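Note that the structure is a prediction, hence the values are computed from the model and not measured. In what follows, chains are A, B, ... by sequence order, proteins preceding strands, each numbered from 1.
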There are 2 protein chains.
Amino acid sequence: MTNRLEDLLSTLQAAATLEDLQAVLESLRDHYKVEHTVYHWVNSVGERYGAGTYSAEWVDRYLEKDYLRMDPVIFVCFQRFTPVSWKELDWSSKAAREMWQDALDHGLGNQGYTIPIRGPNGQFALFTLNASLSDEDWAQFIDDNARDLMILGHEFNKKALEFEQWGEDGTTPALSPRELASMSCLARGMSRAQAAAELNISEHTLRVYIESSRHKLGAMNTTHAVARALSTGIIII
Amino acid sequence: MTNRLEDLLSTLQAAATLEDLQAVLESLRDHYKVEHTVYHWVNSVGERYGAGTYSAEWVDRYLEKDYLRMDPVIFVCFQRFTPVSWKELDWSSKAAREMWQDALDHGLGNQGYTIPIRGPNGQFALFTLNASLSDEDWAQFIDDNARDLMILGHEFNKKALEFEQWGEDGTTPALSPRELASMSCLARGMSRAQAAAELNISEHTLRVYIESSRHKLGAMNTTHAVARALSTGIIII
DNA sequence: CGCGACCTCGCTATTTATGGGGAGTTTTAT
DNA sequence: ATAAAACTCCCCATAAATAGCGAGGTCGCG
């Protein structure tokens, strides 16, 4: 088993193009004898990259119906970081049930396992296996392979990042300590007056920091600046 | 080697108290023959939990001097998600160099390897090994153990989360679709007028969503609401 | 069927944030 | 050593956000 993992990782390491990654996913599917293997990035604007063995019809359908916004897998993975088996999720809402049925109609198996992966600058990706198995067999499968899958998912993400250079286009701007502190105060809910008091500076000085932060972050307004500072990871709440 | 990993993981699984986790870290240190092993949560307010083999003096010193705010390890790990070897980092700033010397004076080794771990609701933790080795030996050590360490780090974090129930105290409030859309627009830098146009609703209606989001999220103002929505993962940029 | 939650719209007054100037000291880096 | 960046403070006018009031239609769940 471990040797197989090493083989797969070697293939992954050797991948030099996005097509190679696609091939890796296909060999993963064959190796694990599952229906589908998928890796994709997620953000609220839309996917920047995705690869996998889903049919083109299902991918188009998924995007067309805007399933991204109601998919319980996506929603839960955003908030957890532990992998989820699909059957654990809440499929009670009407929209979710419809989507589930639609997925089955498009060739997906009844079992799924998705590993959320969080990267730099707010990058977020999912690594998914989909199969047709009984609940018991699937649980056993996950039990046997969870660790290998986690490693594969993370290595895959590392490789995908190398190609796509997420967020590397505009290197995250560096804010000065006071600017970061200002952003942090605002992110925690303080008004300008409160933040200025917290930092022991005049409200006007605080404003200067907010302005300079805004410009450095390329933000339209304060809320946008704080949002960018948070999602690039230069501040946290 | 793999058997050792299994043993360590078994011990980890069996941990029932925070003291047990401390013991696990100590046995990890002994097993890997390093100077220190550390696990801790990080947020801008301060640590909620930390365990490890650093001396109490160094921990106190670290907190007292507010090294958290200048530590290159912390800073880089926030933005990357791949593990970092300390020597790779930028220690050129004066503050960083002083901190580094201070660390050596407090019994830390000259080599370090830190694995950033990102959890639900914006949880962020670090799993660190510190040792005294030559650059070559350390590189070899990392090469040999990187995967095991990643698994250990993630399993450790899972266990720590079970105990501390990060963010579980106030279950993340659910926002309605329109509320989420409103938050998302604001996070992407739109003004109220722009967001209202984007959503094809009156500016007043948008305001109602912002208000209700604010109340649900327990936020003081719009910026705070967006910050919370982002850091709990219910929206993304 | 009714209740609650969601979606939609309007008005007024007050508070707060933003954008544009300018100007001095201290710290850091080359 | 000298330049660049960071930190600090002030004024004024305008744009935007907040707080408070109210009202009606739709949808799903029990």
* Do other residues, nucleotides or ligands put more than 12 heavy atoms under 6.0 Å from K158(B) NZ? -> no

* To do: Rounded to the nearest angstrom, tell me the gap between atom CG in L180(A) and atom C1' in dA6(D).
  => 13 Å

* Under 4.0 Å between any heavy atoms, over every strand shown, what does S212(B) touch: base, sugar-phosphate, or nothing? Just pick one. => nothing

* Between dT8(C) (C1') and R178(B) (CZ): distance, integer Å -> 10 Å

* Contact class for T205(A) vs. all strands (heavy atom < 4.0 Å): base, sugar-phosphate, or nothing? -> base

* Structure fact -> Of dA19(D), dA17(D), dG19(C), the nucleotide closest to the side chain of R214(A) is dG19(C)

* **Candidates dT28(C), dG10(C), dA6(D) - which lies nearest the side chain of H204(B)** => dG10(C)

* Spacing of I210(A) atom CD1 relative to dG19(C) atom C1', expressed in whole Å -> 13 Å

* Which nucleotide in the set dT18(D), dT18(C), dC9(C) lies at the smallest distance from any side-chain heavy atom of N221(A)? -> dT18(C)

* Tell me: OH of Y209(A) to P of dT18(C), nearest whole Å? -> 17 Å

* From dA17(D), dC7(D), dT8(C), pick the nucleotide closest to the side chain of S191(B)? -> dA17(D)

* Asked: What about R207(A), does its side chain sit under 3.5 Å from the base of dG19(C) through a donor-acceptor pair?
  -> yes

* Asked: To the nearest angstrom, how far is I201(B) atom CD1 from dC6(C) atom C1'?
  -> 12 Å

* **Side chain N130(A), main chain Q111(A), donor-acceptor under 3.5 Å** => yes

* Please state whether the rings of Y39(A) and Y49(A) are parallel, tilted or perpendicular, taking 30° and 60° as the class boundaries. => tilted

* To do: Please report, rounded to the nearest Å, how far the C1' atom of dT8(D) is from the CG atom of N200(A).
  => 13 Å

* **Closest to side chain of R192(A), choosing from dT18(C), dA17(D), dT18(D)** => dT18(C)

* Heavy-atom closest contact (T37(B) atom, L25(B) atom, distance) -> OG1-O, 2.6 Å

* Taking for each residue the nucleotide of DNA chain C bearing the nearest heavy atom, is the 5' side occupied by K216(B) or by R97(B)? -> K216(B)

* Structure fact -> In whole angstroms, the gap separating C1' of dC7(C) from CG of L199(B) amounts to 12 Å

* Measure from the side chain of S202(A), starting at C-beta and using heavy atoms only, and say which of dC7(C), dC7(D), dC9(D) lies closest. => dC9(D)

* Does T222(A) put a side-chain nitrogen or oxygen below 4.0 Å from OP1 or OP2 of dT18(C)? -> yes

* Asked: In terms of side-chain heavy atoms of E211(B), which of dA6(D), dC7(C), dT18(D) is nearest?
  -> dT18(D)

* To do: Take D135(A) and K87(A), measure what salt bridge (charged side-chain N to carboxylate O under 4.0 Å, His left out) needs, and give me the verdict at the end.
  => CA-CA 8 Å; D135(A) 288 2; K87(A) 287 281 178 76; 2.9 Å; yes

* Which whole-number value in Å describes the distance from L206(A) CG to dA6(D) C1'? -> 15 Å

